[in-house]
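Notes follow the structure.
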Protein chains: 2
Amino acid sequence: MPGTPTIGPAGAQGVREANLGTVLRTIRAAAPCSRAEIAAATGLTKSTVSSIVADLAARRLVREVGAPAERRVGRPGVGLALDERSIAAVGLEVNVDYLTVVAVDLLEGVLLSRHAAFDARSAGPEACAERITGLLAHTVADPLLRSRTVLGASVAVPGLVDAPSGVVTNAPNLRWTGFPLRERIAGLMARAGLPAMPLHVDNDANLGVIAEYRGGHLAGTPDLVYITGEVGVGAGILTGGALLRGSSGYTGEIGHVPLLRGGPRCGCGRRGCLEALAGVEAVLRHAVPDLMPDGPLSGAGLSRAVDAAVARAEAGDPAVRRALRRAGTWLGRGAAALVNVIDPAAVILGGYFVPLAPWLGPPCAAAVAAHSLAPDRPGRVQTSGLGLTAAARGGASALVDALDRGRLPLPERAPAPP
Amino acid sequence: MPGTPTIGPAGAQGVREANLGTVLRTIRAAAPCSRAEIAAATGLTKSTVSSIVADLAARRLVREVGAPAERRVGRPGVGLALDERSIAAVGLEVNVDYLTVVAVDLLEGVLLSRHAAFDARSAGPEACAERITGLLAHTVADPLLRSRTVLGASVAVPGLVDAPSGVVTNAPNLRWTGFPLRERIAGLMARAGLPAMPLHVDNDANLGVIAEYRGGHLAGTPDLVYITGEVGVGAGILTGGALLRGSSGYTGEIGHVPLLRGGPRCGCGRRGCLEALAGVEAVLRHAVPDLMPDGPLSGAGLSRAVDAAVARAEAGDPAVRRALRRAGTWLGRGAAALVNVIDPAAVILGGYFVPLAPWLGPPCAAAVAAHSLAPDRPGRVQTSGLGLTAAARGGASALVDALDRGRLPLPERAPAPP
DNA sequence: TGGATTAGTTTGGTTATTGGACGAACACAG
DNA sequence: CTGTGTTCGTCCAATAACCAAACTAATCCA
């Protein structure tokens with residue numbers, strides 16, 4: 001059964017939008033390809049495809065490339081491909097201990113990527129918004145982006161976000177509540193005389209799973225779960241190719257599922273939460289206790305501690321390996337709850353879990369297999385290939401995704417030179 | 001982010017379909033209403049609404065009723081309402097110990113409802129298919145349905161179902177595996193010389209949540225979970241108004257989430273599963289041990305035992321109340337896992353949990369509140385008002401829902417007499 | 001050089017929505 | 001009881017988009 005029927009009247013422009021998206025996606029998948037091939041693949045007629053391709057070319061999203069090398073009988077088709085020189089999309093991520101920016105082109109190739117240690121917790125939300133705005137301004141001014149149309153920017157935040165309004169409802173690890181991040185960034189940009197652009201704010205796990213869906217090893221798998229391994233543990237859930245948002249935004253909040261009665265105390269006040277057992281900070285406190293301060297970590301501390309834990313685990317340190325194994329098992333138990341409810345094709349471990357995955361992954365996979373009902377499926381637990389840029393890339397990808405759905409907020413322009 | 005873009009070309013008939021659905025749903029919600037009111041409510045123009053209403057009237061789904069009593073200045077509109085005399089949809093449910101049929105009209109009013117004790121487990125799948133076919137044939141031949149167009153029939157099964165093919169992949173409590181139920185029913189109907197009709201097979205919890213979405217107290221709430229309380233425990237999950245199906249159909253399989261290490265042995269071979277702690281059969285073994293046989297229950301045994309447990313609980317029997325309280329707490333823990341992942345607006349307890357709800361519901365709600373992260377929401381745990389007919393009604397509703405989406409597999413007919 | 005084949009464009013036709021004009025039906029005021 | 005104003009529903013021409021088929025273009029091959 002499909003979703004709730006769309007409200008509002010349907011009209012011809014909706015049809016056009018759908019078909020623009022279909023053709024764009026087909027070219028993305030099959031480039032270089034001819035109009036005739038697109039017609040065959042989509043079921044549209046050749047005339048419709050010609051009309052749509054003309055439209056896309058006028059917006060510089062598609063261009064003609066040389067005829068395909070393959071030589072067959074009959075008139076050769078002219079190859080079409082996405083024009084990756086025309087647009088850009090920016091994704092940012094703010095997290096407890098770092099700030100990331102990524103800009104991608106229409107092919108979702110990375111144009112530019114910056115990662116910097118940053119103590120968002122002590123900076124506070126207002127200073128953070130300023131820092132983000134500065135980074136965004138700097139990014140769009142980069143020579144690599146200057147000649148492109150910027151589709152917009154998206155900001156990933158580790159916490160509960162009301163995506164439509166761009167308000168960060170509650171981000172415990174940043175200690176933000178009810179902060180109107182989008183509004184702030186838009187205000188700061190206007191004050192600095194920068195051109196307005198679409199701004200989106202969303203949860204980091206939600207954007208992480210979008211990144212995996214569009215660019216990870218499992219790209220295109222419509223039922224995916226992405227688990228962030230930052231200070232907090234959260235899950236982004238994609239079902240049927242769409243984000244699960246729930247009735248109030250609390251989907252995938254597995255960081256605080258109770259796993260062990262009377263277990264270690266968690267930041268949320270309860271005991272035995274997944275985050276207190278398998279969150280990166282908790283893992284490191286067991287694995288490399290000598291490197292962890294008594295108070296909260298700040299700046300690049302977490303990253304350094306992860307590196308140290310990896311080095312020791314590689315060297316065969318039994319205490320570190322034991323700590324990672326136990327954390328992996330708890331993580332698997334938490335993930336199993338999710339697998340039993342959602343039945344995803346795969347669970348992808350992201351963030352700081354990626355470098356730790358050689359030791360954390362196998363026990364996690366074993367625990368998922370042991371505690372889930374569905375028959376065991378090899379490769380159900382995977383490691384992200386996107387590292388700490390996943391959320392930022394996902395934000396940028398989400399902007400590109402709007403084009404793939406036929407929503408082209410782009411003016412017609414003179415056709416691109418060959 | 002909306003779901004995966006629909007594949008295939010979009011065309012004018014898709015627009016018509018969407019708008020037919022929009023108008024039909026508007027009339028359902030606002031009847032009796034005039035064409036002008038529909039135009040205002042939907043954003044379509046008056047001419048389009050006229051055209052669509054004519055189409056719906058030709059298919060006898062809508063009829064003109066007397067002008068509305070409300071008197072205002074200007075020409076009065078002619079009232080439109082759904083014509084409930086024209087079609088019918090049939091829903092059946094086969095479960096371990098009973099068989100249910102329900103037929104509804106376009107307003108989803110119940111035309112006919114039968115519930116019979118039936119030992120599906122010992123009858124076996126083939127005999128069951130014969131029995132279902134017989135019941136269906138008897139139902140469509142009923143004088144109440146004879147004059148109507150039957151949209152189709154849907155069968156709810158407690159187990160894993162591949163809905164597109166109508167094959168029951170695995171129904172442990174019925175002991176069916178890989179049984180092609182739809183194909184069998186279609187074959188038996190053809191052999192009996194009955195007219196073919198669309199047949200659907202789906203999981204009972206999935207259809208239960210559809211019934212709640214369309215006809216329960218929480219009708220229209222797009223993020224709902226329905227928990228069946230039959231011999232097994234399963235959840236049907238609706239998110240954004242659409243069923244969650246997962247990558248291989250194992251969504252909502254909460255019956256076997258492990259809750260208590262070393263707990264009671266479960267039918268699945270493991271220990272401490274939710275079903276072994278809070279499944280109806282397990283509950284009754286604790287609550288009314290004297291009424292439960294050592295072997296498996298058969299026929300109407302379960303229903304009688306539930307009645308007895310209710311009677312004793314009402315009389316204040318402390319052992320029964322204690323057993324129900326404990327089961328409710330376990331159920332709440334299992335439901336909390338679901339709430340933390342899905343964030344539904346409500347969790348609805350169905351099946352045999354309904355009569356037991358006065359004692360089982362409050363501890364269940366308390367456990368959900370205690371173990372879920374999102375702020376407590378009163379009324380998060382609800383009791384179904386549909387009793388044991390939920391799944392059958394949901395199947396029938398799903399057929400009506402196709403009309404509400406504009407898919408009208410109905411021939412044009414002479415307009416209905418006033 | 002001409003036939004076969006495939007690509008892309010052009011032209012005409014279909015479906016469905018839109019928007020404005022118009023007649024119909026009623027209330028109200030004089 | 002008659003005119004005026006208001007709202008309802010329909011009719012008709014215009015528009016947008018897709019489709020089907022004819023047509024031109026480009027290439028291979030005999």
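Throughout, protein chains are lettered first and strands after them, A, B, ... in sequence-line order, and every chain is numbered starting at 1.
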Identify the two heavy atoms, one from A/Leu238 and one from A/Leu243, that lie closest to each other, and give their separation to 0.1 Å. CD1-N, 3.7 Å
Taking 5' to 3' order, which nucleotide of DNA chain C is first and which is last to have an atom within less than 4.0 Å of a heavy atom in chain B? C/dA16 to C/dA27
Heavy atoms, side chains only, cut-off 4.5 Å: are B/Val155 and B/Leu199 in contact? no
Nearest-nucleotide comparison on DNA chain C, the residue closer to the 5′ end among A/Ala10 and A/Ser34: A/Ser34
By nearest heavy atom, map A/Arg16 and B/Arg75 onto DNA chain D; which one lands nearer the 5' end? B/Arg75
Atom CD of B/Glu84 with >12 non-hydrogen neighbours under 6.0 angstrom: yes
Could you check whether A/Ser51 gets within reach of a base, just the sugar-phosphate, or nothing at all, counting any heavy atom under 4.0 Å? nothing
Tell me what B/Ser50 touches on the nucleic acid: a base, only sugar-phosphate, or nothing, going by heavy atoms under 4.0 Å. base
Residue pairs involving residues 214-223 of chain A (criterion side-chain hydrogen bond (donor to acceptor under 3.5 Å, both in side chains); sequence neighbours excluded): A/Glu108-A/Arg214, A/Arg214-A/Asp401, A/Arg214-A/Asp404
Distance-only, no hydrogens or angles: does the B/Thr239 side chain make a donor-acceptor pair with backbone N or O of A/Leu244 under 3.5 Å? no
Heavy-atom nearest nucleotide on DNA chain D taken for A/Gly43 and for B/Arg35; more 5' hit belongs to B/Arg35
Using 4.0 Å as the upper bound for N to carboxylate O, is an ion pair formed by B/Glu64 and B/Arg35? yes
Identify the 5'-most and 3'-most nucleotides of DNA chain D with at least one atom closer than 4.0 Å to a non-hydrogen atom of chain A. D/dA17 to D/dC28
Which part of the nucleic acid, if any, lies within contact of B/Thr48, taking any heavy atom under 4.0 Å across all strands shown: a base, the sugar-phosphate backbone alone, or nothing? base
By nearest-nucleotide position on DNA chain C, the 5'-leaning member of B/Gln13 and A/Val73 is A/Val73
Any non-hydrogen side-chain atom of B/Val400 less than 4.5 Å from a side-chain atom of B/Arg28? yes
So does A/Asp83 get a backbone contact from the side chain of A/Arg63, meaning a donor-acceptor N/O pair under 3.5 Å? no
